[in-house]
There are 2 protein chains.
Amino acid sequence: MPERVPVISATLSKSIHNLARIMERQTTIKDIAQALRISTSTVSRALRDAPDVGEETRKAVKALAEELDYQPNKLALSLLNKQTNTIGIIIPNLDYVLATMVRGIDEVALEAGYTVMVCQSDESFGREMVNTKRLLDSLVDGFIISVSSETRVFEHIKKIQSKKIPLVLFDRVIDNVNVPKVKLDNVEGGRIATQHLLDQGYKKIAVIAGPENMNVSNERIEGHYEVLKQNKIKPDKNAIIHCEFNQDYAYIATKELLTGKNRPDAIFAISDRLAIGAMIAIKEFGLKMPKDIGLVGFNNEPITKLLTPAISSVEMHAFEMGKATAKIFIEMMHSDADLSEKEIVFKPKLFIRESSNRGL
Amino acid sequence: MPERVPVISATLSKSIHNLARIMERQTTIKDIAQALRISTSTVSRALRDAPDVGEETRKAVKALAEELDYQPNKLALSLLNKQTNTIGIIIPNLDYVLATMVRGIDEVALEAGYTVMVCQSDESFGREMVNTKRLLDSLVDGFIISVSSETRVFEHIKKIQSKKIPLVLFDRVIDNVNVPKVKLDNVEGGRIATQHLLDQGYKKIAVIAGPENMNVSNERIEGHYEVLKQNKIKPDKNAIIHCEFNQDYAYIATKELLTGKNRPDAIFAISDRLAIGAMIAIKEFGLKMPKDIGLVGFNNEPITKLLTPAISSVEMHAFEMGKATAKIFIEMMHSDADLSEKEIVFKPKLFIRESSNRGL
DNA sequence: TTACCCTGCGGCAACGATGCCGGAAAGGGT
DNA sequence: ACCCTTTCCGGCATCGTTGCCGCAGGGTAA
């Protein structure tokens, strides 16, 4: 073995020792190259353990990189590779269910090397558009979206698709759009809630629903109707009240229901927040649950157990849905398979509590 | 005025018309330059309305940019300007209070042109470190952090500071660190809660607190002690129970308190979640609030109003705190003033409800 | 000796955008 | 006729990193 003169002399590398504290800039590959009097290409290869780098050089580079706390500049890499390892998430708000889903997404995404940017649309279509634009500008690698209750047109979705950027819809999905979706079987949710109320002997069920154009809400109503039909009960259009996803609206709606001539003996609320609004109104009317009136909510938020009476509610597996969503996203990024038809549907589960449990 | 030959011929620009739909890549400044047979510099200047660009050229460039839906590449700009217009937020979780604060931050940040990256540490110090590293790698322009309950050493904070990256602490702040802070006057919060319980005739107040090293919790205890002292009541060390920020721990702790020989007649819980745990235990013991025992929580979560009995709680202005935090952050970015000593302190406000209201 | 192959490294271009400098063309002034 | 100014634009370097090509030097085989 011939004695090759090492490219880097020991004395030289000593003289660099106190460089780290002087630098206020982030160390770059060029700094290392200059200090070691070698080219940036070589430093780059040495750091990535490329084969064609001398042993001595590699060691010297790695040692200095360690010492100077070198961190590769992600911006430069992103510019080069045209990917940012970032996922843009757009959700209507950060309530319990969505926060839990985001936690699920985050967990899987982090594991796969992605960082998430969460934007809240605040249930506003305008802000959803703005968020989409911003995230598009930020060059996120893809989108995970749950649409706002106001969203009636889908230009922003089309725009994302036209740029061939991966997109997964979850929770509040849109049907006539060709992307993978992760959702709850909301129809089934409506079925089990309604069937349960009928089983408990309730005859006239009112539904407090979300906005009229909202799929999630409409699907639950669909399940409700199905079960009514199965049980040969004539549905009453007036028993379906649409309102914004907000406790106060539900409160008002319930008061009207209870004041009207055709007072229901049970209420199926499309979300727990709405159920709570209904509950407050019911209490004000001096009605007792489950005796005078039954109440079932949706989402199975922890607080439903804690209220008096505890509210029956339909569980939607938020955390698992979040994880599943992120997994599909990752799969889209890593494989060429066409997943646009993919749809993961979670099965709802009813938790029966005091508000509707007559023990029948 | 002399007839200058326009750089761009009308026919040429016509021939480009159907370019947009062919491109699947994002349009770049170079595409425009090539199409118009001018240099990228000129395109850049034209788009930014620089003075030394001919009128014809400017119009042609802008028209084509519009047509091709040109969007400047943020990555390239960030690499050049060394700023990403991104704020890294690290929080322990996304519970009601923090989600509300994040909404406040988001609102102000968006307005100022920043996008936020939210990372949850899940109350784990390890994940807080990992999150810091990731956001540092992502070259965020600055940090907004609320530390986890596990956090006992502050290397990651020091690291951020050593790189001279702007940092604002909020909610759960650290005292011996020289950065701007936004927080609640927790001592005062402890004072008003305790004073209220004394006013209502409770004699032996137990405190269900967070982990022992947690500032927020300890400050509230400090206020509690102060008021006891003012009222010449001898504090009982055993009446302070430390537990993780979790409803179940509070439930267990309360059961122990109520079983012990020195049973308290009031409980001050350092958070509403802990108060709920306590409430469940109290109910199991068959004790009535406010008659047998008083209960005060902290955070004033909406659910406190809804429980039976409704729980008295200390409001902490989460949304406003979030906005204030973001405003300081923006101020740090835009001015050279040294804000490291700045500390914004919000005043707590007690909402008295059934759980502690004996009508005295 | 010639021909060739490895090893180890440097140089250049590229990603998309901006800043700075220089320079051509045309006009004005003396 | 000369010089100088203005207008308008192109070229080059730069940000930090990687990929590709090429090349020197030494070794091996014919």
Side-chain angles (χ1 to χ4, degrees), chain A residues 1-8 23 25-61 65 68-85 136-139 141, chain B residues 1-8 23 25-61 65 68-85 136-139 141:
Chain A
M1 185 147 179
E3 281 271 329
R4 298 188 60 137
V5 179
V7 180
I8 299 127
M23 310 258 308
R25 223 177 66 257
Q26 265 290 16
T27 312
T28 73
I29 232 173
K30 200 186 288 181
D31 297 322
I32 300 181
Q34 284 179 348
L36 262 31
R37 303 195 189 293
I38 56 180
S39 77
T40 57
S41 317
T42 305
V43 175
S44 172
R45 278 182 305 234
L47 288 173
R48 280 171 302 130
D49 284 319
D52 52 349
V53 179
E55 193 56 32
E56 309 239 16
T57 312
R58 187 197 317 281
K59 278 184 184 163
V61 168
L68 296 183
D69 189 31
Y70 167 76
Q71 297 298 130
N73 185 314
K74 279 209 175 173
L75 248 34
L77 288 175
S78 294
L79 183 59
L80 207 53
N81 304 330
K82 297 181 182 311
Q83 60 166 330
T84 53
N85 292 310
L136 231 29
D137 283 352
S138 294
L139 298 171
D141 289 344
Chain B
M1 185 143 178
E3 282 272 330
R4 297 189 59 139
V5 179
V7 179
I8 299 127
M23 310 260 306
R25 222 177 66 256
Q26 265 290 18
T27 313
T28 72
I29 229 172
K30 199 185 290 182
D31 298 321
I32 301 181
Q34 283 178 351
L36 260 35
R37 301 199 193 292
I38 57 179
S39 76
T40 57
S41 318
T42 305
V43 175
S44 171
R45 277 183 304 236
L47 289 173
R48 281 171 301 130
D49 282 320
D52 50 349
V53 180
E55 194 55 32
E56 310 240 17
T57 312
R58 187 198 319 281
K59 277 183 184 163
V61 168
L68 297 182
D69 189 31
Y70 167 76
Q71 297 297 130
N73 185 312
K74 280 210 177 174
L75 248 33
L77 288 175
S78 294
L79 184 59
L80 207 52
N81 304 330
K82 299 182 181 309
Q83 58 165 333
T84 53
N85 293 311
L136 232 28
D137 283 354
S138 295
L139 299 171
D141 289 343

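What you see below is based on every heavy atom in this structure, not just the backbone, and it leaves out hydrogens, waters and symmetry mates. No experiment lies behind these values; they were computed from the predicted model shown. Lettering of chains follows the sequences in order, A, B, ..., and the numbering in each one begins at 1.
For the pair A:Leu80 CG and C:dC12 C1', the interatomic distance rounds to 14 Å; values are reported in whole Å. Summarising the geometry, the separation between CD on A:Gln26 and P on D:dC15 is reported as 15 Å, rounded to the nearest angstrom. At whole-Å resolution of the value, CG in A:Asn81 and C1' in C:dC15 are 9 Å apart. The distance between atom CG of B:Leu75 and atom P of D:dT17, rounded to the nearest whole Å, is 14 Å. For the pair A:Lys74 NZ and C:dC15 P, the interatomic distance rounds to 23 Å; values are reported in whole Å. Rounded to whole Å, the distance from CD on B:Glu56 to P on D:dC9 is 9 Å. Regarding B:Arg45, its CZ atom lies at a distance of 11 Å from the C1' atom of C:dC21, rounded to whole Å. Rounded to an integer number of Å, the gap from A:Ile29 CD1 to D:dC15 C1' is 14 Å.
Side-chain contact check for B:Ser39 and B:Thr42: at least one donor-acceptor pair (N or O, by modelled atom type) lies under 3.5 Å.
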Intermediate values then yes/no, side chain to side chain contact (heavy atoms under 4.5 Å, CB included), B:Leu47 and B:Tyr70: CA-CA 10 Å; B:Leu47 289 173; B:Tyr70 167 76; 3.6 Å; yes

Go through the steps for A:Asn73 and A:Thr28 under the test side chain to side chain contact (heavy atoms under 4.5 Å, CB included), then give the verdict. CA-CA 8 Å; A:Asn73 185 314; A:Thr28 73; over 6 Å; no

Apply side-chain hydrogen bond (donor to acceptor under 3.5 Å, both in side chains) to B:Ser44 and B:Arg48, showing your working. CA-CA 6 Å; B:Ser44 171; B:Arg48 281 171 301 130; 2.7 Å; yes

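Among the heavy atoms of the strands, none lies under 4.0 Å from A:Glu55. In this structure, B:Arg48 reaches the sugar-phosphate backbone alone: every heavy-atom distance under 4.0 Å involves primed, P, OP1 or OP2 atoms, never a base.
With hydrogens and angles ignored, a donor-acceptor pair under 3.5 angstrom links the side chain of A:Ser41 to the base of C:dG11. Put simply, the side chain of B:Asp52 and the base of D:dC9 share a donor and an acceptor less than 3.5 Å apart. Between the side chain of A:Arg58 and the base of C:dG8, no donor-acceptor pair under 3.5 Å is found.
Taken to the nearest 0.5 Å, the CD1 atom of A:Ile32 stands 13.0 Å off from the NZ atom of A:Lys30.
Contact between the side-chain N/O atoms of A:Thr42 and the OP1/OP2 oxygens of C:dG8 is not found at any separation under 4.0 Å. In this structure, B:Ser39 does not reach the D:dG11 phosphate: none of its side-chain N or O atoms is under 4.0 Å from OP1 or OP2.
Of the candidate nucleotides C:dG16, D:dG10, D:dC15, D:dC15 has the atom nearest to the side chain of B:Lys82. Closest approach to the A:Ala76 side chain among D:dT17, D:dG10, C:dG10 is made by D:dT17 (side chain taken as heavy atoms from C-beta onward). The side chain of B:Lys30 lies closest to C:dC15, out of C:dC15, C:dT18, D:dG16.
Residues A:Leu77 and B:Val53 each lie close to DNA chain D; by heavy-atom proximity, the contact nearer the 5' end of the strand is made by B:Val53.
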